[in-house]
Amino acid sequence: MNRYNFKTVEKKWQEYWSHNNTFITSSDKTKRKFYCLEMFPYPSGKIHMGHVRNYTIGDVLARYKKLNGYNVLHPMGWDSFGMPAENAARSNNLDPKKWTEKNISVMKTQLQKLGLSIDWGREISTCTPEYYKHQQRFFLELFDKKLVYRKENYVNWDPVDQTVLANEQVIDGKGWRSGAIVERKKLNQWFFNIQKFSEELLLGLENLNDWPNKVKIMQKNWIGKSYGCEIDFEIENCNEFEKIKIFTTRPDTLFGCSFLALSVDHPLSKLFKDDSKFKDFKNQCNKMGTTEEAIAQAEKLGFNTNLFAKNPFDKNIKVPIFFANFVLMDYGFGAIFGSAGHDQRDLDFARKYNLDVIPVVKPIDHDGDLIIKDKAYTGPGIIYNSKFLNGLTAPDESVLETIKILENKKLGSKKINFRLKDWGISRQRYWGCPIPIAYDENDNIVKIPESMLPIKLPENINLNTKGNPLNHQEDWRKIKIDGKVCYLETDTLDTFVDSSWYFLRFCSPKNKNYGFQIDDVNYWMPVDQYIGGVEHAILHLLYSRFFMQALNYKNSKFNITEPFAGLFTQGMVCHETYKDSNGNWLNPDEVFTDDGKKFFKKSKKNESVEVGPSESMSKSKKNTIDPEEIIQSYGADAVRLFIMSDSPPEKDVQWSDEGMESSYKFILKLWGLHQKIIKKINANEKNNINENINKFTNSLIKKITNNIENFRYNVIIANFHEMYNFMSKELDNSLNSTELANNYSKILVMLNPFIPHFSSECLDELSKLKKMDNEIWPKIDEKYFENENINLVIQINGKKRDVIEIEKDTNEDTIMNIIKNNEKLRNHIMGKEIIKKILVPNKIINLIVK
RNA sequence: GCCCUCGUGGUGAAAUUGGUAGACACAAAGGACUUAAAAUCCUUGCCGCUUGCGGAGUGCCAGUUCGAGUCUGGCCGAGGGCACCA
């Protein structure tokens, strides 16, 4: 028996696929299509196990769809702009372009070794002018549609490095590199008007039936539509400000209003600009953590203006006006009214400053006044304490009714608010797509004419400058537009812009004049299955959805509004973490164990190692396993098999050496089985047809087809183990060789999406006439599911007592006869009265006895 | 604090619509083969007594049902998301 040599077999088939253009997408638009896309990687240097999992999940589906006769688009590209290249280049004095290109070539080779069915002819890289040229064109298109604008916005500013910092570069309020205290600074920045499509983006979610609910809910919360109204409050004795406009979702609690709270950035703060106590208060607010959780638990703080506002419903009721740390300027109008009885934050605030708490909603069955202690009542109920609003059902009826009254009295009006903010796309960095805008001598915005695109990034420049390197490129910045000297914008685009349309580019990757060709896009889009990490649940996916809305806007030819029909978010690959006695992280191959319990350092055999919890593989915790090494020792098929086998794809999977080993052994076992099968086939046995094998294969096809459609890949691997166990036993019987070959080729086709090299090799050995490229996914023969004996479960008083094998659709009387003649069952029934029989045909019979 | 998801053997997990709980694997223990080891194969979830059988059992407590891992309510625990969003 020859040993399976994965190295030669995998190399052979990878070369075969490449030479035969097996995965080059057909241009035949009459075929039904399937667009399978995995989130493209950032070329960081090497692929990691997360990539292996992501791309294997997609590859299984792509190969399966191809075997089912679909015209499959399964492309790959590189999300190649971004900070890591700039940082790496800066610290090692390299060119970001060369660094990126080198990483791409390494990672491409690694991906190819996995045997993925990718059409490399469509490879794209976002940092190439061939790609970003079209992006600049889109930018100008959006500019013309007035979906792009410029405004001042706050940024994290490092005063020493003279640069803008990303949130993750701010550590404890200090710049990660310089250590300088980060300032809030206003800069002119470019924005996409994503808010304009808030309603569309929210509504669109409803039709995305093949998206995980979790992701839809996250996006829904992010968009944050709230229905309410704006109300004007008059201020007493104040010349500069007569009114304050507030937004509320609970106007029905207006009679419960006991104060007004304003953001420290509210226009009214002008009145206190010289007040040192107010300045201190404002500083204190700015210092507060910005995460929702940190602030939800933080103490509510206020600054009393000593001004009073009149309740619009009763001008005799006057309430104090405060600045408060829990009110934000960029939502609503930066002002709220405090309804202390029915909002927890308002209540906390009222208690702190001894303000009134006036309950105005009480539960339907509650008698008398509602006593509020330290918990606000936010549930449904009846309005009371509220004059003409009394008796309304809260919140649905009361909110609508109150808005109507406010509108009639011209005190306020209905308003729908979204918490979604516009998308800031300016980055003060070098390694990104240049914004195709220039400024004339008077700082007026000048569009770059299309004929001048692309605006290419300057190459080989000095990156070790303060601030944005492009600011120092005087020659590059100077540009003549219509004979006028202008200066190029030095901000580059957020890399999320690059990934917001790359899936369109894959449809026409070589199109020169425009980002895509409309008939290609109409054929391929939307992406039928998009696969990636849940970490992109909001930003990338929402921005891509926005981009389709933006292209679609005022464009009758572009009819796509949703880019991804199906979404699958895979779990992470985890591994235990190790620390030595000094608390340094250790890589798994720096440690060893004899008993699986106590771990020691390989370099110092008596130094024990602390084993930490299993966490997502990351370089910082050193708990990574290098896919390349694993492929080297076990082969791509074995890695694919392992990464699919242990856990459902949407859940985290634990890396285990034992599991990897076992997947490898399974391949060897399958090879042993293959040898036996081939031998049996070559023996040319002409026995009667073995219906057992036919039945088994049929039910296997049914199971696997169903499981593959539902991403239950781990169960399929178990199905393959069952197949191995069954076939190993069955081969001892006398068989019909033709029938065996027939069944075996079906099994090999089903193995193909998972272990493509192995199955191709086996099929090749089975018959030189067969090639996986020409095979189709096996069909079920229904006849094997008809007239089959079934196992009927016998329950007595709901407890399983026996299982009997009977003919399908046996009637109740016959079943009862069998039960009565069954000694074991008779004991349970004897001397008792059967009061009820429940028969679920072909499944179960439950006898209730007394 | 708010929102979401999930709790099944020593471990990862199976269980189409409520209908045989623990498929399939990993680990451990015992056994077989072997001079021995490796490899391979077999057995083993828990409690009780004699093969066999009986009992309990899917985080906890109730409920619906002939029947609940699955449905409902409450509690406990773990994980994830969060931009103070009024």
Side-chain angles (χ1 to χ4, degrees), chain A residues 167 212-218 220-226 228 246-251 253 261 263 285 288-298 300 324-328 330-339 342-346 348 378 417-421 534-535 537-538 595-596 642 645-648 650-654 656-663 665-666 669 672 702-703 706-707 710 712 714-725 791-803 824 827 835-840 842-849:
Chain A
N167 281 332
N213 236 344
K214 177 172 68 172
V215 174
K216 287 194 277 188
I217 289 167
M218 280 162 79
K220 196 180 163 196
N221 292 341
W222 193 262
I223 295 167
K225 181 179 180 176
S226 53
I246 62 98
F247 174 73
T248 180
T249 54
R250 291 302 299 270
T253 63
S263 156
C285 291
M288 231 167 55
T290 49
T291 71
E292 193 177 328
E293 201 229 337
I295 287 150
Q297 325 247 18
K300 304 290 172 284
N325 62 351
F326 62 95
V327 181
L328 285 181
D330 54 5
Y331 186 78
F333 304 105
I336 61 156
F337 82 75
S339 171
H342 308 290
D343 183 289
Q344 194 57 47
R345 283 160 311 185
D346 295 353
D348 293 344
T378 53
N417 237 325
F418 291 94
R419 77 197 263 269
L420 181 64
K421 291 177 196 164
V534 72
E535 66 273 18
I538 298 171
D595 57 1
F642 169 66
S645 67
D646 257 12
S647 295
E650 71 276 10
K651 281 179 70 175
D652 287 355
V653 63
Q654 298 299 320
S656 90
D657 295 338
E658 292 80 10
M660 184 60 243
E661 187 81 22
S662 130
S663 292
K665 277 184 197 157
F666 186 52
K669 279 160 78 175
K702 195 174 183 178
K703 278 191 214 169
N706 191 22
N707 286 333
N710 292 296
R712 289 203 298 255
N714 55 324
V715 185
I716 297 175
I717 308 304
N719 295 150
F720 286 140
H721 280 282
E722 283 167 350
M723 181 277 293
Y724 171 84
N725 293 339
N791 290 325
L792 187 85
V793 175
I794 318 285
Q795 288 188 345
I796 294 169
N797 288 341
K799 275 202 177 107
K800 181 183 111 178
R801 291 300 173 188
D802 206 358
V803 184
K824 208 157 67 179
N827 291 337
I835 40 178
K836 200 168 178 185
K837 288 178 218 153
I838 300 107
L839 176 66
V840 182
N842 302 322
K843 266 196 178 153
I844 201 161
I845 184 162
N846 189 7
L847 303 179
I848 309 304
V849 300

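Proteins get letters first, then strands, A, B, ... in listed order; numbering begins at 1 in each.
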* Structure fact -> If pairing means Watson-Crick or G-U wobble with both distances under 3.5 Å, then the partner of B:G79 is B:C4

* To do: Report which part of the nucleic acid A:N710 touches: base, sugar-phosphate, or nothing (heavy-atom distance under 4.0 Å, all strands).
  => nothing

* Asked: Out of curiosity, A:L847 CG to A:K837 NZ, how far, rounded to the nearest 0.5 Å?
  -> 7.5 Å

* Asked: Would you say a side-chain N or O of A:R801 is under 4.0 Å from OP1 or OP2 of B:C53?
  -> no

* To do: Describe the nucleic acid contact of A:N714 in one word from base, sugar-phosphate, nothing, applying a heavy-atom distance below 4.0 Å.
  => sugar-phosphate

* Between B:G63 and B:G18 - C1' atom distance, rounded Å -> 15 Å

* Quick one: label A:N846 by what it contacts on the DNA or RNA (base, sugar-phosphate, nothing), any heavy atom closer than 4.0 Å. => base

* Asked: From A:D646 CG over to A:D652 CG, what is the distance, rounded to the nearest 0.5 angstrom?
  -> 12.5 Å

* What is the nucleic acid contact for A:E722, judged by heavy atoms within less than 4.0 Å: base, sugar-phosphate only, or nothing? -> sugar-phosphate

* Asked: Say you pick atom C1' in B:G67 and the same atom in B:G19; how far apart are they, in whole Å?
  -> 7 Å

* To do: Using whole Å, report how far CG of A:D802 lies from C1' of B:G52.
  => 14 Å

* **Nearest-0.5 Å distance that lies between atom NZ in A:K843 and atom CG in A:L792** => 11.5 Å

* Quote, to the nearest angstrom, the P distance that separates B:C82 from B:U17. => 32 Å

* Asked: Counting side-chain heavy atoms from C-beta on, which of B:U20, B:C85, B:C3 comes nearest to A:Y331?
  -> B:C85

* Asked: Donor-acceptor pair, A:N417 side chain versus A:S226 backbone, under 3.5 Å?
  -> no

* Length of the CG-C1' vector between A:D343 and B:C85, whole Å -> 11 Å

* **Rounded distance (Å) that lies between atom P of B:G19 and atom CD1 of A:I848** => 17 Å

* With a non-hydrogen cut-off below 4.0 angstrom, is A:I838 in contact with a base, only sugar-phosphate, or nothing? -> base

* Does B:C85 have OP1 or OP2 sitting under 4.0 Å from an N or O in the side chain of A:N221? -> no

* When you measure from the side chain of A:N846 to the backbone N and O of A:G798, does any donor-acceptor pair fall under 3.5 Å? -> yes

* Go through B:A14, B:C4, B:A25 for me and flag the one nearest to the A:K214 side chain. => B:C4

* **Pairing partner of B:C53 (Watson-Crick or G-U wobble, both distances under 3.5 Å)** => B:G48

* Quick one: which of B:C66, B:C4, B:A86 gets closest to the side chain of A:S226? -> B:A86

* Kindly point out which of B:A21, B:C66, B:G12 is positioned nearest to the side chain of A:S647? => B:G12

* Asked: Of the nucleotides B:C85, B:A86, B:A14, which has the atom closest to the A:R345 side chain?
  -> B:C85

* Structure fact -> Against the side chain of A:N706, the closest entry in B:G81, B:C24, B:U16 is B:U16

* With rounding to whole Å, what would you report as the distance between B:G7 and B:G55 at their P atoms? -> 28 Å

* To do: Starting from C1' on B:C85, measure out to CD on A:Q344 and report it in whole angstrom.
  => 17 Å

* Please report, rounded to the nearest Å, how far the C1' atom of B:A23 is from the CZ atom of A:R712. => 13 Å

* G-U wobble or Watson-Crick pairing nucleotide for B:C33 (cut-off 3.5 Å, both distances) -> none

* **Any donor-acceptor N/O pair, A:N707 side chain to A:K703 backbone, under 3.5 Å** => yes

* Mind checking the C1' distance from B:A62 to B:C76? Whole angstroms is fine. -> 15 Å

* To do: Specify the separation, in whole Å, of atom NZ of A:K703 and atom C1' of B:U16.
  => 13 Å

* Structure fact -> Per atom distances to the A:V803 side chain, the nearest of B:A27, B:C3, B:U20 is B:U20

* Pairwise 5' ranking along RNA chain B for A:I223 and A:G332, keeping only the more 5' one -> A:I223

* Could you tell me the separation between the CD1 atom of A:I538 and the CG atom of A:N221, rounded to the nearest 0.5 Å? => 8.0 Å

* In terms of heavy-atom contacts, does NZ of A:K214 have more than 12 from other residues, nucleotides or ligands at under 6.0 Å? -> no

* Asked: Heavy atoms under 4.0 Å, any strand shown: does A:V327 hit a base, just sugar-phosphate, or nothing?
  -> base

* Asked: A:K799 side chain: which of B:A56, B:A23, B:C3 is closest?
  -> B:A56

* Mind checking the P distance from B:A13 to B:C6? Whole angstroms is fine. -> 14 Å

* Using the purine O4'-C1'-N9-C4 or pyrimidine O4'-C1'-N1-C2 torsion, is B:G59 syn (within 90° of 0) or anti? -> anti

* Quick one: pull up CG in A:N714 and NZ in A:K651 and give me the separation to the nearest 0.5 Å. => 9.5 Å

* Just compare B:A86, B:U40, B:C85 and give me whichever is closest to any side-chain atom of A:K665. => B:U40

* Counter-base of B:C24, judged by Watson-Crick or G-U geometry with both distances under 3.5 Å -> B:G12

* Rounding to the closest angstrom, what is the interatomic distance between B:U44 and B:G52 at atom P? -> 11 Å

* Asked: So, is A:S339 near the phosphate of B:A86, with a side-chain N or O under 4.0 Å from OP1 or OP2?
  -> no

* Start at the 5' end of RNA chain B and walk down; is the nucleotide closest to A:N213 or to A:V653 reached first? -> A:N213

* Asked: To the nearest Å, how far apart are A:K225 NZ and B:A86 P?
  -> 13 Å

* Asked: So what does A:K651 hit on the nucleic acid, given a heavy-atom distance under 4.0 Å: a base, only sugar-phosphate, or nothing?
  -> sugar-phosphate

* **Closest nucleotide among B:A23, B:U20, B:C66 to the A:A718 side chain** => B:A23

* Which whole number of Å gives the distance between the P atom of B:G9 and that of B:G22? -> 14 Å

* To do: Measure from CZ on A:F326 to P on B:C2 and round the result to the nearest Å.
  => 17 Å

